[in-house]
Amino acid sequence: MALKQIDPVRWVLERDFKIGMKVTGLIYGDSYIIQNLEKEGALTQIANVACLPGILKHSFAMPDVHWGYGFPIGGVAAFSLNEGIISPGGVGYDISCGVRVMLTFIEEKEVASCIDELTAALFSRVPSGVGSKGALKISETELLSVLAKGALWAVKKGYGRSEDLECIEERGTLPHANPDAVSKKAIERGKPQLGTLGSGNHFLEIQVIDEIYDENVARQFGLNPGQVTVMIHCGSRGLGHQVCDDYIKVMLRAMNKYGISVPDRQLCCAPLKSEEAKQYLGAMQAAANYALANREIIGQLVREVFGDFFPKSDLKLLYDVSHNMAHIEKHGVEGKQVDVCVHRKGATRAFPPGHPSLPERYIQVGQPVIIPGSMGTESYILVGTKRGMEECFASTCHGAGRVLSRKAAMKSEKADTILKRLEDRGIKVMAETIGTVREEIPEAYKDVSRVVDVVEKAGISRKVARLRPLAVIKG
DNA sequence: ATGTAC
C-alpha cells in the first residue's frame, strides 16, 4: 500500500480505487510506529474503513493504532448524517470504555507509609476480574434508570457527588439513550456488574504527578508536582459487550436490506438515517450511560477508602472521558459547520479551548485528555487543541497501544518475574487473575511517551502533566 | 473488551 510521509509525524495512505477507498488515510506516527502498523494488518483496516459510505476527510489512525475487530483500535472515522453509516465495530465491544482521574490533596510520602494497606483496601472494595460482580446489585427497573441517566443516577443514589457531573463528558448523561433498544440478555448481564472494574487492560491506579509540561494549564486543571492522583480505567462490562454483539447481527441483516457492501464483514453497518442505526445509537448511548455510572460508582468507592485512611482529605474529579464511542457532534466540513457522526475506537475526544460543551472551569484552556499508560508505566494528562478540532474531529490517542497480541504476550514471562520487576521499581501490584498480569506485561505495549510525543508534535493535543504509578489494581 | 464458544 502506498504510504507517503508528509511531515515528521504524518503519513498519508493514498486512495486505492481498486478496493474502493473513498478518502485517503491519515496516520499519525514516527517511523517505529509505522513499521509496527505494517506487520499486523492495521494498515489494511485503515484502508477498509476509508471505503465506508459517507466517510468525511480521512480514515484517521492515532499513533497507538493496532488491529481490532473490523476497525483498527486507535481509529477515528466521521460520517455524514445524510450519506453516512454507523458501525458497532467502529465503537468497539467495550462501549464507552474510558478513563477518569481524581485528584487527592495528599503527597506521595503520606501514601507511601501505608501503600500496602491502602492498595489492599481498594482491591477488596472495588470488585475486579472477568465475571466480577457485587459492588451493588440492582433491580431491572433501577438498571433501566441507570441506562437512561448514567452518572446522574449514581449521584442521585448517593454513589457519587453532584459536583462530579460537570467534569464528566456530556455532564454524565447521554440524553438520547434508549433503554428499550437494549436486549433482555444485555440487561441480565449488566445487573450484577455495576461498580466493578472488569479485566484485561482495565485498572485502578494510585499515581503521583511527577512532571508538569504546561504550568498554566496544569494550574487551571489543579495539578501540582508531588500530588497523588487516582486513575480508573473501565467500561460497560458485559452489558456493553452484549449490546455490541446484538447489533452486529442487526447490522449484518441491514447490509443486505440496504445493499451496502464493505471489504470486511466486521465493518457491518447501517445508514445513519435508517431505523437500525437509530436503534443502535439509542442502545449504544444506554450502554455508555452504564459505563459513566460504573466509573462514578467506582470513584465513590475510592473516595470512601481514601476517607478511611486520610479523614481530612478529599478526592476531586479532574475529568472522565470515554475512548470507545460514536458521538453526533458539530464539526467544520468543507467550510461549513455540520453535525457528523464521529466514531472513536481507542481514540479520545479532545475538545479545544472555547468549545461549548466544556465545563466552565476548563473553557479557557481546553478539555483534559487522559492517556493511561500500560501496567507499570507513566500516564499522561493532555489538553485539546484547535488544530485537533479542525484536522481530526477533535481526537487524539487513547494509550500506548499493543504491539504484541494477548496470546503472544502470554508466552513472554512468568507473572512472578513481572511482579518482582515492578516491585523493584516501587510499584505495588494486586491482580485478581495472574494471567492478566502476563497479558498486560509492559513489553506488550508501545512506549506511551513515544505515542504521546507524536500527538503533541502533530499539534492535535498538548502535554500538561505526567503521572507515575505507585500502586496498580488489575482485574 | 467478554459468563475469552450457543
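By convention in this document, chain letters (A, B, ...) are assigned in the order of the sequence lines, proteins followed by strands, and residues within each chain are numbered from 1. Predicted model, so just to flag it, every value in this text is computed and none were measured.
If you check every strand for non-hydrogen atoms under 4.0 Å, A:S199 touches sugar and phosphate atoms only. Residue contacts shown for A:G238 are limited to sugar-phosphate atoms, with no base heavy atom under 4.0 Å away. Using a 4.0 Å heavy-atom cutoff across all strands shown, A:G200 reaches sugar-phosphate atoms only and no base atom. A:K185 comes within contact range of at least one nucleobase, with a heavy-atom separation under 4.0 Å. A:Q193 comes within 4.0 angstrom of sugar-phosphate atoms only, judged by non-hydrogen atoms across all strands, and of no base.
Regarding A:Q242, its CD atom lies at a distance of 14 Å from the P atom of B:dA5, rounded to whole Å. Between A:Y93 atom OH and B:dT2 atom P there is a gap of 13 Å when expressed in whole angstrom units. Across the protein-nucleic acid pair, A:H202 atom NE2 and B:dT4 atom C1' stand 14 Å apart, rounded to whole Å. We find that NZ of A:K133 is positioned 15 Å from P of B:dT2, with the value rounded to whole Å. For the pair A:D246 CG and B:dT2 P, the computed distance is 16 Å after rounding to whole Å. Rounding to whole angstrom units, CD of residue A:E440 and P of B:dT4 are separated by 18 Å. Whole-Å rounding puts the A:L197 CG to B:dT2 P distance at 9 Å. Rounded to whole Å, atom P of B:dT2 lies 18 Å from atom CD of A:E188.
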Please list, one pair per line, the donor and acceptor atoms closer than 3.5 Å that link side chains of residues 275-289 of chain A to other protein atoms, with sequence neighbours excluded.
unit_1, atom_1, unit_2, atom_2, d
A:E275, OE2, A:Q279, NE2, 3.3
A:E276, OE1, A:Y258, OH, 2.6
A:E276, OE2, A:K257, NZ, 2.9
A:K278, NZ, A:K273, O, 3.2
A:N289, OD1, A:L174, N, 2.8
A:N289, ND2, A:L147, O, 2.9
A:N289, ND2, A:A148, O, 3.4
A:N289, ND2, A:L174, O, 3.2

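At B:dT2, one or more side-chain N or O atoms of A:R237 fall inside 4.0 Å of OP1 or OP2 (strictly under the cut-off).
Of the charged side-chain nitrogens involved, at least one lies within less than 4.0 Å of a carboxylate oxygen, so that A:R303 and A:D164 count as a salt-bridged pair. Look at A:K137 and A:E142 and you find no salt bridge, because none of the NZ, NE, NH1 or NH2 atoms lies under 4.0 Å from a carboxylate O.
Mapping A:H233 and A:V130 onto DNA chain B by nearest heavy atom places A:H233 closer to the 5' end of the strand. Heavy-atom distances to DNA chain B give each of A:K249 and A:R406 a nearest nucleotide, and the one nearer the 5′ end belongs to A:R406.
Put simply, the side chain of A:L143 reaches to within 4.5 Å of the side chain of A:L239, judged on heavy atoms. Contact of the A:T196 side chain with the A:V126 side chain is not registered, since no non-hydrogen atoms from C-beta on lie closer than 4.5 Å.
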